[in-house]
Amino acid sequence: MPELPEVEVVRRGLADHVVGRTISTVRVLHPRPVRRHLPGPDDFADRLAGRRVDAVSRRGKYLWLALDDGAAILVHLGMSGQMLVQPPHADAERHLRVVLELDDGLELRFVDQRMFGGLSISEDGATLPPEIAHIARDALDPRFDDVVFGERLRRRKTGIKRALLDQTLVSGIGNIYADEGLWRARLHFARPTETLTRPELARLLDGVRGVMASALEQGGTSFDALYVNVNGQSGYFDRSLAVYGQEGRPCPRCGTPVRRDAFMNRSSFTCPQCQPRPRRGRW
DNA sequence: GCTTGCGCCTGAATGC
DNA sequence: TGCATTCAGGCGCAAG
């Protein structure tokens with residue numbers, strides 16, 4: 001489940017191996033991943049042939065490959081997306097969806113089992129494509145403004161975890177890092193945003209940044225020269241999760257069994273001792 | 001304008 | 001064994 005650290009690892013891999021390359025041919029093997037390109041898969045392929053990739057940027061969980069004509073390829077990995085750089089003779093992946101053949105003989109492959117992700121074209125890729133202008137900066141971005149974030153957060157009438165998952169407020173956080181960040185900050189997910197104190201807000205940002213930074217550190221070392229991969233395989237998921245997916249296991253801080261609650265048609269994991277439920281919470 | 005909930009997808013895991 | 005159901009969850013969009 002790619003969240004910010006995994007997407008950043010992919011961005012770095014693409015920056016190393018795809019920038020400067022020209023796209024020779026594009027093959028769309030399944031229409032769904034290019035569904036946001038309204039003129040259709042054939043037009044998508046035609047539009048990209050002959051274009052050179054000049055840069056790879058990221059905003060939240062979105063990537064974009066800036067092209068030499070001012071347009072850009074927007075990429076979202078969704079739940080299960082991967083961008084792989086492979087030699088053309090490598091076996092097709094089971095869920096291979098789109099192939100971009102490059103002028104150095106390698107292929108950039110978009111693989112996505114569940115197809116929540118996809119590729120599209122923005123005609124304005126020079127700075128921030130307008131299609132993703134609503135996505136906020138992430139908490140590790142040097143230009144992320146803690147004070148403005150705090151003000152916007154406290155104006156919300158919702159629970160803290162819902163707010164963390166809202167990409168227009170702060171980007172890059174999904175269910176896993178929300179739970180882990182809240183655990184680090186010792187805050188319950190249902191805590192109403194408008195009641196957060198200044199110290200709690202600082203703890204929250206510290207917690208979220210800490211969890212993403214360590215994931216980035218581990219994920220950033222796990223790809224080799226040719227294989228740009230993301231599939232929740234940073235190693236972080238196996239070794240370092242305090243509460244996410246740990247129902248019944250002891251909290252690493254106090255030993256209390258981790259609890260799971262239904263939340264927004266999914267799950268939230270907390271330590272009931274470290275993160276007591278507020279009396280009047282907002283889910 | 002803001003908040004909430006649905007539907008999109010596949011395959012592994014679980015239930016009967 | 002085999003079929004049906006549940007669960008995972010980011011995002012856009014519609015509804016409240």
Side-chain angles (χ1 to χ4, degrees), chain A residues 1-8 10-11 28-38 58-64 74-83 92-98 110-120 122 129-136 138-139 149 151-182 189-195 208 212 215 230-234 236-238 241 243-248 258 260-269 280-283:
Chain A
M1 288 151 261
E3 299 188 28
L4 180 146
E6 292 73 28
V7 179
E8 175 59 19
V10 172
R11 190 200 66 76
V28 178
L29 307 180
H30 194 297
R32 181 165 167 84
V34 298
R35 63 194 175 281
R36 300 197 69 83
H37 186 74
L38 300 180
R58 179 183 62 77
R59 169 62 70 95
K61 302 173 199 171
Y62 280 92
L63 296 168
W64 73 95
L74 273 173
V75 182
H76 199 290
L77 301 174
M79 290 292 301
S80 52
Q82 297 172 272
M83 294 289 274
E93 290 75 10
R94 170 127 186 232
H95 302 291
L96 180 59
R97 308 302 188 188
V98 181
F110 181 73
V111 177
D112 189 7
Q113 179 209 122
R114 289 162 68 181
M115 296 188 289
F116 276 37
L119 310 179
S120 61
S122 173
E131 291 86 351
I132 56 173
H134 62 292
I135 304 291
D138 63 74
F149 171 72
E151 288 168 355
R152 291 190 64 203
L153 190 71
R154 272 192 289 247
R155 278 203 295 272
R156 289 292 174 97
K157 297 268 187 290
T158 189
I160 182 65
K161 183 170 171 180
R162 276 184 186 276
L164 287 180
L165 295 175
D166 183 344
Q167 305 296 303
T168 68
L169 199 55
V170 55
S171 68
I173 302 174
N175 201 38
I176 297 171
Y177 293 155
D179 279 4
E180 293 294 308
L182 288 167
F189 62 83
R191 181 67 184 277
T193 48
E194 69 265 32
T195 67
V208 165
M212 291 198 300
V230 59
N231 200 13
Q233 294 170 354
S234 66
Y236 189 79
F237 293 89
D238 299 330
L241 294 174
V243 286
Y244 182 83
Q246 309 297 312
E247 183 180 16
V258 169
R260 181 169 83 137
D261 288 290
F263 172 85
M264 290 172 74
N265 275 331
R266 58 190 80 169
S267 296
S268 268
F269 297 90
R280 287 201 309 250
R282 291 182 186 272
W283 294 42

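Just so it is clear, the structure is predicted and the values come from calculations on it, not from any experiment. Numbers restart at 1 for each chain; the letters A, B, ... are given by sequence-line order, proteins then strands.
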For A:Phe116 and C:dC7, what is the distance between atoms CZ and P respectively, to the nearest whole Å?
-> 15 Å
Non-neighbouring partners of A:Lys161 that pass side-chain contact (heavy atoms from CB on, under 4.5 Å), sequence neighbours left out | A:Leu165, A:Asn175, A:Ala178, A:Asp179, A:Leu182, A:Phe189, A:Phe263, A:Ser268
The first and last nucleotides of DNA chain B lying within contact of chain A, meaning any atom under 4.0 Å from one of its heavy atoms, run from B:dT3 to B:dG11
Could you pull out all residues at least two apart from A:Asp112 that satisfy salt bridge (charged side-chain N to carboxylate O under 4.0 Å, His left out)?
-> none
Rounded to the nearest angstrom, tell me the gap between atom CD in A:Glu6 and atom P in C:dG10.
-> 11 Å
Protein-nucleotide distance (A:Arg114, atom CZ; C:dG10, atom C1'), rounded to Å = 10 Å
A:Phe116: ring pair (Phe, Tyr, Trp, His ring centres under 6.0 Å) partners, not counting sequence neighbours = none
Contact class for A:Arg94 (heavy atom, under 4.0 Å): base, sugar-phosphate, or nothing?
-> sugar-phosphate
For A:Trp64 and A:Ile132, run side-chain contact (heavy atoms from CB on, under 4.5 Å): C-alpha distance rounded to whole Å, both residues' side-chain angles, the deciding distance at 0.1 Å, then the answer.
-> CA-CA 10 Å; A:Trp64 73 95; A:Ile132 56 173; 3.7 Å; yes
Distance, rounded to the nearest Å, where A:Met264 contributes CE and C:dG10 contributes C1' | 10 Å
Contacts of A:Arg162 that satisfy salt bridge (charged side-chain N to carboxylate O under 4.0 Å, His left out) - sequence neighbours left out | none
First encountered from the 5' end of DNA chain B, between A:Arg282 and A:His30 | A:Arg282
Length of the line joining A:Leu169:CG and C:dG10:C1', which is rounded to integer Å = 16 Å
Terminal helix-axis angle for the helix from B:dC2-C:dG16 to B:dC16-C:dG2, with five pairs defining each axis and rounding to 10 degrees | 60°
Can you measure from NE2 (A:His76) to CD (A:Glu131) and round to the nearest 0.5 angstrom?
-> 14.0 Å
Ring pair (Phe, Tyr, Trp, His ring centres under 6.0 Å) partners for A:His37, two or more places apart | A:Phe44
Whole angstrom is fine here: how far is it from CG in A:Asp179 over to P in C:dG10?
-> 10 Å
All side-chain contact (heavy atoms from CB on, under 4.5 Å) counterparts of A:Arg35, not counting sequence neighbours = A:Arg32
In whole angstroms, how far is the C1' atom of C:dC7 from the CG atom of A:Asn175?
-> 12 Å
Check salt bridge (charged side-chain N to carboxylate O under 4.0 Å, His left out) between A:Arg114 and all other residues, then give those that pass, not counting sequence neighbours.
-> none
Using a 4.0 Å heavy-atom cut-off across all strands, classify A:Asn265 as base, sugar-phosphate, or nothing.
-> sugar-phosphate
Output one line per pair: protein atom, nucleotide atom from nucleotides 12-16 of chain C, and distance, for all N/O pairs under 3.5 Å.
| unit_1 | atom_1 | unit_2 | atom_2 | d |
| --- | --- | --- | --- | --- |
| C:dG12 | OP1 | A:Tyr62 | OH | 2.5 |

Output all residues satisfying side-chain contact (heavy atoms from CB on, under 4.5 Å) with A:Arg282, sequence neighbours left out; order by chain, then residue number.
-> A:Lys157, A:Pro192, A:Glu194
By nearest nucleotide on DNA chain B, pick out whichever of A:Arg156 and A:Arg32 is the more 5' one.
-> A:Arg156
Hey, does the side chain of A:Thr168 reach the backbone of A:His134 with a donor-acceptor pair shorter than 3.5 angstrom?
-> no
Sequence neighbours excluded, which residues qualify as salt bridge (charged side-chain N to carboxylate O under 4.0 Å, His left out) partners of A:Arg97?
-> none
Rounded to whole Å, the CE-C1' distance (A:Met79 to C:dC11) equals 11 Å
